[in-house]
A.B. asks: 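This is the structure I want to talk about, given as structure tokens.
Start at 1 and go down the list; that is how both ligands and their atoms are numbered. Values reported hereafter were calculated over all heavy atoms of this structure, with side chains retained and with hydrogens, waters and symmetry mates removed.
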Amino acid sequence: PAHRPLYGKHVLVTAGPTHEPIDPVRYIANRSSGRQGFAIAAAAAAAGARVTLVSGPVTLETPPGVDRIDVESAQEMAAAVEAALPADCAVMVAAVADWRAKGYEAQKIKKRGSAPPALMLTENPDILAALAASEQRPRLLVGFAAETENLIPNARKKREKKGADWIVANDVSGDTMGGADNQVTLVRESGEETWAPMAKELVAKQLVERIADELA
Ligand code: C5P
């Protein structure tokens with residue numbers, strides 16, 4: 001029916017930050033609140049989809065009708081995403097840490113001597129790019145691009161480089177991260193569509209409408 005256009009579809013959403021452990025008490029994180037990803041999961045469920053939401057550490061309630069899997073690190077998120085396949089559509093909203101600490105210290109690192117310890121980093125797996133290259137690639141793969149400059153050119157490049165169908169570009173130079181509103185441009189092969197600034201719930205609703213049209 002018209003009000004449940006995603007009925008029978010499986011939508012996979014990642015949301016939130018990741019926490020990359022350094023030692024038992026310390027981690028690397030970012031400012032993502034998970035609000036935009038949770039709103040997309042909620043809107044997809046409201047549109048009738050079966051929704052799997054793989055979430056990093058956030059303080060948000062699980063939206064009604066959504067299957068939620070909690071993870072901490074990028075590596076855990078990658079494994080949870082793979083385990084959730086197949087999906088008709090994946091929307092990767094999570095602000096995955098690009099790097100993690102190289103070598104986890106099993107004991108708390110102590111202050112000793114005069115020099116602070118050096119923090120060595122290593123690259124995390126790119127979950128979106130891996131999904132695009134996977135044998136189980138969802139029919140519609142949507143990524144996000146949070147940028148503080150050169151938003152559209154970077155988003156276009158990201159769409160091609162990562163093999164996503166669509167990129168939702170959002171300018172995070174203001175207080176978007178953690179805030180209630182978002183201002184996005186939908187970047188597709190056919191061109192760009194810039195949306196007015198609006199509540200993250202409305203961005204989610206509009207994006208889910210586009211997804212339902214595409215999967216119909
Ligand atoms: O490269 P960048 O982090 O800007 O790409 C953002 C997009 O890629 C988002 O959709 C994000 O969820 C996804 N991503 C990912 N795994 C990473 C890094 C980003 O899935 N390691």
Side-chain angles (χ1 to χ4, degrees), residues 11-21 27-41 44 51-58 60 68-85 87 89-102 121-134 136-173 176-178 182-189 192 200 203-204 207-208 210-211:
V11 176
L12 172 60
V13 180
T14 66
T18 62
H19 283 184
E20 307 300 328
Y27 57 82
I28 300 168
N30 61 62
R31 293 188 187 282
S32 170
S33 66
R35 289 177 72 157
Q36 184 63 78
F38 273 57
I40 290 167
V51 179
T52 304
L53 172 60
V54 178
S55 176
V58 298
L60 297 171
R68 172 171 172 183
I69 299 163
D70 284 314
V71 298
E72 300 252 331
S73 67
Q75 288 177 301
E76 286 170 13
M77 186 172 278
V81 163
E82 203 184 314
L85 297 174
C89 172
V91 190
M92 316 302 272
V93 197
V96 183
D98 293 315
W99 305 284
R100 66 175 180 274
K102 186 175 184 175
L121 300 177
T122 188
E123 207 160 316
N124 265 329
D126 191 312
I127 302 167
L128 173 57
L131 200 52
S134 143
Q136 295 195 88
R137 186 194 193 281
R139 199 173 115 203
L140 181 61
L141 187 50
V142 184
F144 268 65
E147 302 283 354
T148 55
E149 54 185 3
N150 300 323
L151 185 64
I152 306 304
N154 281 333
R156 282 193 199 121
K157 270 182 236 156
K158 200 158 290 183
R159 199 190 73 80
E160 296 216 355
K161 186 167 169 237
K162 299 203 184 208
D165 298 302
W166 301 351
I167 290 281
V168 180
N170 61 327
D171 186 337
V172 291
S173 56
T176 294
M177 271 189 131
N182 207 353
Q183 205 271 299
V184 307
T185 298
L186 180 59
V187 177
R188 299 188 272 198
E189 195 177 16
E192 287 87 42
K200 287 179 177 175
V203 171
L207 182 65
V208 165
R210 297 289 192 282
I211 290 169

A.B. asks: Which protein non-hydrogen atom lies closest to atom 16 (N) of ligand 1, naming both residue and atom, and how far is it?
C.D. replies: Ile127 N, 2.9 Å
A.B. asks: To the closest 0.5 Å, what do you measure between CD (Glu147) and CG (Asn154)?
C.D. replies: 4.0 Å
A.B. asks: Quick check: does Gly143 get an N/O under 3.5 Å from an N/O on ligand 1?
C.D. replies: no
A.B. asks: Look at atom CD of Glu123 and say whether more than 12 heavy atoms of other residues, nucleotides or ligands are closer to it than 6.0 Å.
C.D. replies: no
A.B. asks: Do Val91 and Ile211 have side-chain heavy atoms sitting under 4.5 Å apart?
C.D. replies: yes
A.B. asks: Determine the minimum heavy-atom distance between Ala145 and Lys158, stating which atoms define it.
C.D. replies: CB-CD, 3.9 Å
A.B. asks: Going by the order shown, which atoms of ligand 1 are within less than 4.0 Å of some heavy atom of Ala94?
C.D. replies: 11 (C), 12 (O)
A.B. asks: Please determine whether the number of non-hydrogen atoms from other residues, nucleotides or ligands lying under 6.0 Å from atom CD of Glu82 exceeds 12.
C.D. replies: no
A.B. asks: So, is Leu128 polar-close to ligand 1, with some N/O to N/O distance under 3.5 Å?
C.D. replies: yes
A.B. asks: Among protein heavy atoms, which lies nearest atom 3 (O) of ligand 1, and at what distance?
C.D. replies: Asp98 OD1, 3.8 Å
A.B. asks: For Glu147 and ligand 1, does the shortest N/O to N/O distance drop below 3.5 Å?
C.D. replies: no
A.B. asks: Would you mind listing which atoms of ligand 1 come within a distance below 4.0 Å of any non-hydrogen atom of Pro125?
C.D. replies: 16 (N), 17 (C), 21 (N)
A.B. asks: Could you check atom 19 (C) of ligand 1 against the protein and tell me its nearest heavy-atom contact, residue, atom and distance included?
C.D. replies: Lys162 NZ, 3.6 Å
A.B. asks: Report the member of Lys158, Gln75, Arg159 with the shortest heavy-atom distance to atom 4 (O) of ligand 1.
C.D. replies: Lys158
A.B. asks: What's the shortest distance from atom 18 (C) of ligand 1 to any protein heavy atom, and which residue and atom give it?
C.D. replies: Val96 CB, 3.7 Å
A.B. asks: Please say whether Phe144 places an N or O atom under 3.5 Å from an N or O atom belonging to ligand 1.
C.D. replies: yes
A.B. asks: Taking distance alone, with no angle check, do Val142 and ligand 1 share an N/O pair under 3.5 Å?
C.D. replies: no
A.B. asks: Locate the shortest heavy-atom distance separating Pro21 from Ser73; write the atom from each residue and the value.
C.D. replies: CD-CB, 4.5 Å
A.B. asks: Side chain or backbone, does Ala95 bring an N or O within less than 3.5 Å of an N or O on ligand 1?
C.D. replies: no
A.B. asks: How far is atom 10 (O) of ligand 1 from its nearest protein heavy atom, and which residue and atom name does that atom have?
C.D. replies: Met92 O, 2.6 Å
